[in-house]
Structure formats: C-alpha cells, structure tokens
Protein chains: 2
Amino acid sequence: MQERNRILSVAAGNLLKKDDIKKVIALLDKLHPADAAEVVSSLPEENQKRIFETWDVPHAADALQEMDESEQIDIVDLLSTPLVSDIMEEMAADDVADLLGGLDKQDAERILTAMNREDAVEVLRLMQHKEDTAGGIMTPEFIALRKDMTAQESIDLLREKAPDAETVYYIFIVNKENQLVGVISLRDLIIAKADQRIEEIMNPNVIYVDVDTDQEEVARIMSRYDLLAVPVVDYEHHLLGIVTIDDVVDVIEKEASEDIYRLGGVTREERLDSPAMESIRNRLPWMSFNLLTASFAAGVVYLFRGTIDNLVILAAIMPIVAGTGGNMGTQTLAITIRGIALGQLEFREGMRVVARQVGIGATIGATTGLLAAIIASFTSRNPFLGLVLFLAMIINMGIGGLVGAGFPIVLRLLGRDPALGSGVLVTAFTDVFGFLTFLGLATLMLGLLI
Amino acid sequence: MQERNRILSVAAGNLLKKDDIKKVIALLDKLHPADAAEVVSSLPEENQKRIFETWDVPHAADALQEMDESEQIDIVDLLSTPLVSDIMEEMAADDVADLLGGLDKQDAERILTAMNREDAVEVLRLMQHKEDTAGGIMTPEFIALRKDMTAQESIDLLREKAPDAETVYYIFIVNKENQLVGVISLRDLIIAKADQRIEEIMNPNVIYVDVDTDQEEVARIMSRYDLLAVPVVDYEHHLLGIVTIDDVVDVIEKEASEDIYRLGGVTREERLDSPAMESIRNRLPWMSFNLLTASFAAGVVYLFRGTIDNLVILAAIMPIVAGTGGNMGTQTLAITIRGIALGQLEFREGMRVVARQVGIGATIGATTGLLAAIIASFTSRNPFLGLVLFLAMIINMGIGGLVGAGFPIVLRLLGRDPALGSGVLVTAFTDVFGFLTFLGLATLMLGLLI
C-alpha cells in the first residue's frame, strides 16, 4: 500500500467513527479510482458497506472495477442485489462477466435478472467464453466502421459516438456481414480526403486473434507486433470485440508471477503482506509433499547404509552430487519455463531441446566433476573415489538437464501448465538419483575404495 | 521462430543463391517489420549485408528497429557509416539512443557525426539518461498543446501534424515555459465547443514520472493506473517526453525473465535455442561456484564423520533436514522477489517481513517436523532421534525463511537487484545449516541416541 493511501485510510477510519461519511466520500472522489479502491479495501467490512451504500453509483463502479476479484466478491456479498446490479450496469461488460464468473451461480443469476436487459445480454454473451482466452479478456465496447463509408462520414460517426481514449487508437473495418476486413489509424483517417471511401484507405492486412486463442498467446502477439489493441473474431470472421493492451499487461504480470511461484514451489498465490496463518495454510500441503519426496531420498541413502558404514566419507561427498545436479535441474527448468512462456519452443523440437539440455548437463557435469574428482582423489588419497564422484556427477547433471527440460515440455505437450513441474519436483529427482548413482557406483566399486 | 518465417527464411536463402535480391526484398516488404527482422536475422551475415545495402532506407529502419540489441549491433558492424546514419535518421530517436549506447564509443561518435544535426542532437539528449530510467525509455516524439489554445486550434494542429497512432491517445498540456499542467483525451477535445480554451476542459491532475524514475517503477505506475502513456518531466516540471505502453510491456517481460533466471540460478540470459557451447560457457562459472558451496556442505558433514560412524542412520535422515529447509528457502525467495517486483514491500517494513517469514518457516518446520519425528522415532525405535530431527527441522526451516526473505530485502536496501540472492545461494545456506544443526544436535545427544 502506498504511504499516502495508508494515511488516507487512517483519516477515513477516524471520520467514520464520527459518522462523517459524507466527508469520507468527498475525500475518495478526489482520488484516482485505483487509490480509492485501495483505501476502501483497507477499511473494516461494515465501513465498506456504509460507503458503497452512500456513494454515487458511477464512482462506486469505478472503484469496484479496480479491485482484485477476491476483494470485489467480498464487497458484492455485503450489498443488496438491486444496488449491486445498478453498480454493475456502470462497469465494463468484460469486468462484470469476470466478476459474476467468480460468484455462486445463484447469486450471479439474481444479479443478472436485476440488471437492465441490454447490459445483461452483453454480459451473458461474454460469460460464454473461457476466462483465460481472447474471448474472456476482450471488451465488446468498441467502434467499427463499415468499409463503404467515406472518410468524412467516419469522422462524423466517431465524433458522435465520442469514443473512450481506450478504444480509438485503431479503428477496425467490417463489411455488411460484420466480418473483419481491415484496420485504419486515426492518423490516416484524418489525412484522407473527405469523400474517399474507407475501403480505399484502410490496411487490409489486419492482425487478429480467434475468440478461443489462449490469453498468453494473445499477449505474445500484441507484444511481438507492438499492438495497442487486437481484434477478436469468431470462426466465420465476425468481429466480436477487441483486446486492449492494458488487459494484456495484467495477463503478462499474472503469468510471470505464476511461473515464479511455481519455480519456487509456491502453489497458491501469496503476498508478502498476507497474514502468517494464511501463508502457513497455503504452504503446508506442499511442504508435506516435499517431506514425502525428501523421505524417498533418505530411503535411498538408507538402502546403502552398509556401504556408508564401511566408508563414512561417502556421506560427506554425496551432498555434492545431489546439490550440483539439483542446481543444473533448476537452471534448466528456469530457461525452459521462460522459453515456453516467450514462445521460443516449437513442439516438434521438444525432444531435440531435451536432448540438448541432457548434453549440456552431462558436459558441465564432466567439467566440474573432473575438478571435484581431482580434489577428492588427493584429499582421500584414493583415485577410485574421485572416479566414482566424476561418473556420478556426469550422470546426475545429465538427469538434471533431463528433468529440468523434460518436465515442463511434457506437461506442455499434455496441455497442462508447463510450470507445474516445479523446482521441488526437479530437485526431488536429482536428490534421489544423485544418491542412487553415487552410492550405487561406490557399492559396486567398494573393493577398490576401502 | 514461427513456422511461416522459417519457410520464408529458406525461400530467401534460395533466392539469394540465384542472386535474386530484388525478389527477396519484395518478399520482405510484404511482411510485418517484426517478421522481416526475424527472417533477415536468420540469414548468413553476407546476405544480411547485401539485403541492407539494397533495401530502401525506411523499410530497413523499420526492420532494424524490431531486432534485439545484439542483432542490431551485428548488422551495424556489417554496414558503412553513411548507410547506418541514413537508416538511423529514419528510426525513433529513443531506439537510436539505445542502440548507440551499445556500440563502441568511437563507432557511436562516427555515426552521430554523419547524421543530420537535428536528429543527432535529439539522440544525444536522450543518451544522457540512464537506459533503465524513464528518461532512457521515453520518446521525445509527441505532441503537446498549450493551455491557452482553443479546442478548434488544437484539433487543427493535431490534423496538421498528423500524429502517429502511437502518441495520440492522451494529449498533454503545457504552459508557456513548457511545464506540464494537464492532460486531455481526444474524446474530450472532440466534444468540446470550438472556442473553449484547453485550460477550461483539461484535467489538471495528471499522473507523471520524473526523468530518473526507475523503469520498473514506471511500469508499476502505468499498470496500476491503466495508462497508455505517461509524461516524463525534469525537476523544474518541464515536459521532456512520454513513455508509451508498448515500451513498458518490454520492460515487464524483461524484468520477469530476469527474476525467473536469477531464481533458477541462471546469471546470463539464455534462450532455449541458444547453441549448446554458448549455454555451457554461460553456466560453467556459476556451476563452479555451486561446486564450492556444495563443498562447504560436504565439509560440514565431514566434520561430523565420527558421529555418523557411530550411527549411520543419521546419514540417511540428514537430507530430509537439508531438503525441506531448502524448499522453504526457495518458496520464501520466490514470494519475496515477486513481492518486491510488484511493489508490495515498503522498506521500513523490511525487518518485520523477514521476522514473519522466519516465524512461518519455524511453524511449518514444527508441523512437518512433528510428523517426521513420529515416523523416525517409530522406525528407529528411538524417540531421541525423533527429537533431534524435530528440533533441526524447526531451526533449518526458520533459516530458510530468514535467508529466503533476508537476501533479497537486504540486497534491495543496498540498492542491488533483489534477485541476485538466487536460489543457489539460499539452498547453499540451508544445506550447510541443515547438516550443521542436525548433526550438531545429534553429536550433543549422542549418548541418548546409541
């Protein structure tokens, strides 16, 4: 929370104690909706309720729109259905569709019934699309021009409809069947002669996305071609809506967060300022799973307890094999997850990429393993111990490359989130296989080692 | 690389073998500059040279602008100074400034001297700003209106200057001293009466950034307030330029990549399709460092070889303590790095955040540790072994919380990249301290254990 908003939040709390709700609302109305939303969210529930019940509807809608979905749901639960439906009529239809998608089905239906028919139909149409597709993030609020209009007619239409700054950077052109046929910039429209037909001046090579294109793919396309908006079409090429860059910024940030959390083994979103109990509840299941994988590694060592009993230095060296293999695995995982997110990977190349990472892992294993082996041979005065370490590091760092690249690529091929094969799983593998190869080889060569 | 571009690349290569450079250029001119750039980059150097020497300058500039900085530098090195300066005159000044900043000082000066004076001065002015600040990513190519103009005069000016789609979503307003005083949307300008003065219709509450604001902070502000462009001012509030959303998308993606790589222990950017030798060269120094930290952990175990010799099951259990502590550390690291990137952290809260993460770590350590202790007590028929494991897991998972949150927060306070305290360093700590606490406690209580 920003410092200023924290102070405002305290001030609002004090004013509310004195029942001075009018002053609080006057104060909120002077803020940017994103800041007003933050201040309101920080207040106790009963005060949130009082504010929303007194606030004028358009300002309340602006603030609600800026909140996280979970905060929105909390507010909606506090308010009466007629008030909620009034507020939602003022919100952007795509935001309403997202919010209703997060509510109980019955609550959503009750609110939709209370909304005016036109808005409700638009929201319902949007709710048919999956939330993480182009259809789920597009807005139907845009202006399209018909290709047989003249430049002057077009400018007059734009002037009359007084578009938002948000939707006017590109103007998309459709034919009589509402099929997308071109795009024109405001610049070209302004320069054009008044009686020129749009058809003659538009750019017919318009970059578009299908309604069920994954939102990450939409983000990649907009980022690649530096687009501020991209049109969304159905399978008959009808123009359904546009995705604007600000929604895509949210997608990029959310997907990056997800990848970072998964890589670190965090399965549910958690903020630095989340309550401690919530953090513990979130992480405990995954840590219990980690206890299980760590127990496998312990089991492998236990299998070889006889070998360690014969040569206790093995217990000191085995963490080197496990640790370097784990590091190779997480390095490869980070590169692969990011590579997939940035669209560097083509599927038919999948196996070649994995093979290359295995090769890279084994080569680095051989290089660092040689160094480690020389040191181990000299300190233990036993070259065979060095040989075991050398071989185990090659194998285990190869395995690090295999699982680090293989997990996310296979998950992606199966249509799952590539980051599910998180750092914890990768290091569980390299721990188990590190102990297995090192202690296994040592057991085979035990006669030479002692 | 996209499938279509790969095919085009092969086609271009074949045409060039037949010396049919005109056809290649005709083919490139039909593509989006981002695609043309990708196709050209995939060709051998001598062909890149031939294409750029034949290409018309505006198309060459468009394509060059879309390349990565390293690709741009390779192209510039192939071409003559007069040709490079011609191309650069056609490029956006901020892109030229970035590119020249990446060249040798002498080369940059030679190119600047060959450019026309006006463009060179603009580029030089931009080059004074650090690359990762608002000044470094802003464009000076925008249109500002004076507050004493009328709405009609403003529209006429916009029409005459025929702005790019890129820079017209908001129009910023200045006074006679070129100080930023307001903002107006095209929508409000169009609706206004012809003789109304801008001053009366503009919004004086304009969100801006200072010229030396860090680019990550610029991205946070634009994302928070859903801005398409933000004005950049100097310390006397003079309007210097604007940062547009497409540049910020690049910043967000780059910063997310950096965090992911650092978390995975990758210090230099690496692509999935990088040549294997390059990957090995990149990763080898860091893996050698990892070998060193793993050797510390091995050294700790070696110190306690006597204890392990007495009770070999300790060698099997110790990876559980190290592994769960390491996992707690990377979880906490992921949450902290992302929290800092998303601006959730305030500095005066730093120590409180670390303390909370230590508490979370120790609590989860106690919970999973109790489970592990019960199992260990029963399988080994020795409750004291369970007690040692329980205590070691509490301590080491607390340490995981400490280093996972502490490293990035301290680095941030020192003004360094918080992600430098990467996963490898964190797990090195939890390995060393995990073995130390577990084997240390076991040594202290050895009388009760055997």
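Numbers restart at 1 for each chain; the letters A, B, ... are given by sequence-line order, proteins then strands.
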Taking the side chain as every heavy atom from C-beta outward, state whether [X] and [Y] have any pair of such atoms under 4.5 Å apart.
{"X": "B:Arg283", "Y": "A:Asn327", "result": "no"}
{"X": "A:Gln331", "Y": "B:Trp286", "result": "yes"}
{"X": "B:Glu253", "Y": "A:Arg338", "result": "yes"}
{"X": "B:Thr324", "Y": "A:Met287", "result": "yes"}
{"X": "A:Asp250", "Y": "B:Ser223", "result": "yes"}
{"X": "B:Val249", "Y": "A:Ile245", "result": "yes"}
{"X": "A:Met277", "Y": "B:Thr363", "result": "no"}
{"X": "A:Tyr225", "Y": "B:Asp35", "result": "yes"}

Interface moiety of [X] toward chain B, non-hydrogen atoms closer than 4.5 Å:
{"X": "A:Leu314", "result": "neither"}
{"X": "A:Gln357", "result": "side chain"}
{"X": "A:Phe304", "result": "neither"}
{"X": "A:Met393", "result": "side chain"}
{"X": "A:Thr368", "result": "both"}
{"X": "A:Val312", "result": "side chain"}
{"X": "A:Met222", "result": "neither"}

How many angstroms lie between [atom1] in [X] and [atom2] in [Y], if you round to the nearest 0.5 Å?
{"X": "A:Ser257", "Y": "B:Asp259", "atom1": "OG", "atom2": "CG", "answer": "9.5 Å"}
{"X": "B:Ser295", "Y": "A:Leu371", "atom1": "OG", "atom2": "CG", "answer": "8.5 Å"}
{"X": "A:Ile308", "Y": "B:Ile313", "atom1": "CD1", "atom2": "CD1", "answer": "11.0 Å"}
{"X": "B:Leu291", "Y": "A:Thr367", "atom1": "CG", "atom2": "OG1", "answer": "11.0 Å"}
{"X": "A:Ile252", "Y": "B:Ile252", "atom1": "CD1", "atom2": "CD1", "answer": "6.5 Å"}
{"X": "A:Ser279", "Y": "B:Ile364", "atom1": "OG", "atom2": "CD1", "answer": "8.0 Å"}

Determine the option with the most heavy-atom pairs under 4.5 angstrom with chain A, choosing from [options].
{"options": "B:Asp309, B:Thr330, B:Ile280", "answer": "B:Ile280"}
{"options": "B:Ala276, B:Ala428, B:Gly361, B:Ala297", "answer": "B:Ala276"}
{"options": "B:Ile317, B:Leu303, B:Ile360", "answer": "B:Ile360"}

| task | Could you tell me whether B:Arg224 and A:Glu38 have a side-chain N and a carboxylate O separated by less than 4.0 Å? | result |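 Counted as a salt bridge, because a side-chain N and a carboxylate O are separated by less than 4.0 Å.
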| query | With only heavy atoms counted, which part of B:Ile207 is less than 4.5 Å from chain A, the side chain, the backbone, both or neither? | reply |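 It is the side chain, since no backbone atom gets that close.
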| Toward chain A, the part of B:Arg305 with a non-hydrogen atom under 4.5 Å |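 Both parts, heavy atoms under 4.5 Å.
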Which one, [options], leads in non-hydrogen pairs under 4.5 Å with chain B?
{"options": "A:Ala315, A:Gly306, A:Gly299, A:Gly339", "result": "A:Ala315"}
{"options": "A:Asn205, A:Thr427, A:Ile375, A:Thr332", "result": "A:Thr332"}
{"options": "A:Thr336, A:Val321, A:Val300", "result": "A:Thr336"}

State, to 0.1 Å, how close [X] and [Y] come at their nearest heavy-atom pair, and which atoms those are.
{"X": "B:Ile260", "Y": "A:Ala334", "value": "O-CB, 3.6 Å"}
{"X": "A:Val301", "Y": "B:Ala316", "value": "CG1-CA, 3.5 Å"}
{"X": "A:Ile335", "Y": "B:Tyr261", "value": "CA-CE2, 4.0 Å"}

